[in-house]
Colleague: 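Okay, handing you the structure first.
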Amino acid sequence: TQSTWDNKMKKKAAKVLTKEVKKDAKKEVKKAPPVPKMDEILFTKYAEGAETISSDAFSKICADLHIDIMSDVEAIVFLYACGSTTYGEITKPQFFSGIKKLNIKNEDDWNHCVTALKKISSGENLTEFKSFHRFLFKYHLLAPGQKVLDQATAATLIKLSLVKIHPIAEKFAEFLKSADKKAINHDQWANMLEVFPILEHKEHYDDNGAWPTIFDEFNTWLTTPRKKSKQTSYFLIFTTIA
């Protein structure tokens, strides 16, 4: 009958209309711009259109995180977390990697980023800290073909990164200056984390052990009477880029 026919046509039209509405809805979803991730938001903010966060931009990051770029080791920890390879600069992939490593997912995480950085610098995770310690040495070999750290740079990095974990490190920095040690090589640097705990409990230190000679000399220096030296202020090498 005509009525039955009309009902069938209405149902068919309704199905077609429903399909079209769904298609249009899908198109609208596809057209919606993706929500930027936190790493993208932050990189855009600090890179300001460049492909790399410059040393000046890095200074702004430190200021926003309330990190003193001149004296807080967390400044270098941030560069370590990103895997920076050019002094004081961070590429986009490196920055994204650092944000992931520090588990920064939102603005609150970013504002409290220092907590994650201090967790690394505290030595709480020894494996992580050893990795950071190696990075410190390599990262400050700035000249082509350079294989050792000069005395001033080594003493600065030792004071900033090791004293809170191994108080004897402060004495070692003083020793480097007073004994006129010109430089520290990779082997000496790497062994600090093994030797300092032993030197802090002298009864376990063996002068005939296989440690680099500089630690035997330091052990002797510790027991030799000497005049008190003036305290020296130590600052990060970022004075050259800030």
Side-chain angles (χ1 to χ4, degrees), residues 47 50-59 61-62 67 69-98 101 117 120-121 123 126-163 165-166 169-196 199 209-218 221 232-242:
E51 287 300 311
T52 299
I53 290 176
S54 66
S55 57
D56 286 339
F58 179 63
S59 296
I61 288 176
C62 289
I67 294 172
I69 198 171
M70 306 287 276
S71 59
D72 289 344
V73 71
E74 284 72 33
I76 302 182
V77 176
F78 189 92
L79 293 167
Y80 157 74
C82 291
S84 170
T85 52
T86 300
Y87 200 76
E89 298 182 357
I90 311 170
T91 66
K92 191 173 185 177
Q94 289 171 350
F95 186 78
F96 282 14
S97 176
K101 182 180 181 67
L117 298 175
I120 295 174
S121 65
L126 186 57
T127 300
E128 181 80 76
F129 189 79
K130 284 182 177 179
S131 177
F132 170 60
H133 187 68
R134 290 193 297 270
F135 171 85
L136 273 177
F137 184 88
K138 185 178 179 180
Y139 197 63
H140 289 83
L141 299 177
L142 303 179
Q146 183 180 347
K147 294 183 178 180
V148 297
L149 291 179
D150 63 86
Q151 177 238 86
T153 300
T156 297
L157 295 176
I158 289 168
K159 293 264 293 184
L160 288 167
S161 65
L162 290 176
V163 170
I165 300 171
H166 299 297
E170 186 162 8
K171 291 290 185 183
F172 187 74
E174 184 184 337
F175 160 73
L176 290 180
K177 183 178 180 180
S178 65
D180 197 28
K181 296 298 178 182
K182 301 298 183 184
I184 291 290
N185 61 38
H186 181 269
D187 188 41
Q188 293 166 341
W189 182 268
N191 275 282
M192 287 177 192
L193 296 183
E194 304 294 333
V195 176
F196 284 171
L199 284 169
W211 306 116
T213 306
I214 192 171
F215 296 114
D216 295 336
E217 295 173 357
F218 176 49
W221 179 87
T232 305
S233 296
Y234 289 85
F235 299 95
L236 290 181
I237 318 305
F238 286 120
T239 50
T240 61
I241 67 169

Colleague: Could you check whether the rings of W189 and F137 sit parallel, tilted or perpendicular, using 30° and 60° as the cut-offs?
Modeller: tilted
Colleague: For the atom pair CG (L79) and SG (C62), what is the distance rounded to the nearest 0.5 Å?
Modeller: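 If we round to the nearest 0.5 Å, L79:CG and C62:SG are 7.0 Å apart.
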Colleague: Locate the shortest heavy-atom distance separating T52 from I90; write the atom from each residue and the value.
Modeller: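 Heavy-atom minimum between the residues: CG2-O, 3.3 Å.
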Colleague: Going from CG on L176 to CD on E217, what distance comes out if it is rounded to the nearest 0.5 angstrom?
Modeller: 10.5 Å
Colleague: Do the charged groups of E174 and K159 touch, with an N to O distance under 4.0 Å?
Modeller: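 No.
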Colleague: Check for a donor-acceptor pair, side chain of H140 on one end and backbone N or O of L136 on the other, with a separation under 3.5 Å.
Modeller: yes
Colleague: Atom CZ of R134 and atom NE2 of H186: how far apart are they, to the nearest 0.5 Å?
Modeller: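 Rounded to the nearest 0.5 Å, the CZ-NE2 separation comes out at 7.5 Å.
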Colleague: Looking only at non-hydrogen atoms, find the nearest pair between V148 and A183 and report the distance.
Modeller: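 Taking V148 first and A183 second, the nearest heavy atoms are CG2-CB, 3.7 Å.
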Colleague: Is the backbone of T153 close enough, under 3.5 Å, to the side chain of Q151 for a donor and an acceptor to pair up by distance?
Modeller: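 Flag not set: sc Q151 to bb T153 has no pair under 3.5 Å.
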Colleague: Is the F215 to F218 ring centre distance short of 6.0 Å?
Modeller: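 That pair fails the under 6.0 Å test.
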Colleague: Test your reading of the model: is there a side-chain donor-acceptor pair from S59 to the backbone of S55, 3.5 Å cut-off?
Modeller: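 Here the side-chain-to-backbone pair exists.
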Colleague: Just wondering, do L162 and F172 contact through their side chains at under 4.5 Å, heavy atoms?
Modeller: no
Colleague: Run the side-chain contact (heavy atoms from CB on, under 4.5 Å) check on I184 and M192 step by step: do they pass?
Modeller: CA-CA 11 Å; I184 291 290; M192 287 177 192; 4.1 Å; yes
Colleague: Atom CD in E74, atom CD1 in I120: separation rounded to 0.5 Å?
Modeller: 9.5 Å
Colleague: Determine yes or no for a side-chain-to-main-chain donor-acceptor pair under 3.5 angstrom, with D150 supplying the side chain and A152 the backbone.
Modeller: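 Here the side-chain-to-backbone pair exists.
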Colleague: Counting C-beta onward and ignoring hydrogens, is there a side-chain heavy-atom pair between T85 and Q94 closer than 4.5 Å?
Modeller: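 Yes. Closest side-chain heavy atoms under 4.5 Å.
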Colleague: Would you give the length of the straight line joining atom NZ of K92 to atom CD1 of I53, rounded to the nearest 0.5 angstrom?
Modeller: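 Here the interatomic distance stands at 10.5 Å.
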Colleague: Look at the side chain of S84 and the backbone N and O of E89, then say whether any donor-acceptor pair between them is shorter than 3.5 Å.
Modeller: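 Answer holds: yes.
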Colleague: With respect to I76, which candidate in L157, I69, I67 satisfies the side-chain contact (heavy atoms from CB on, under 4.5 Å) definition?
Modeller: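 Single pass found, and it is L157.
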Colleague: Starting at NE2 of H133, measure out to CD1 of I165 and round the result to the nearest 0.5 Å.
Modeller: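 The distance works out to 10.0 Å.
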Colleague: Could you tell me whether the side chain of Q188 and the main chain of N185 form a donor-acceptor pair under 3.5 Å?
Modeller: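 It does hold such a pair.
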Colleague: Tell me the closest heavy-atom pair linking F196 and A169, and the distance in Å.
Modeller: CE1-CB, 3.7 Å
Colleague: For K130 and L193, which heavy atoms make the closest approach, and how far apart are they?
Modeller: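 Heavy atoms only, the tightest pair is CG-CD1, 3.6 Å.
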Colleague: Any idea how F132 and Y80 line up, ring-wise: parallel (<30°), tilted (30 to 60°), or perpendicular (>60°)?
Modeller: perpendicular
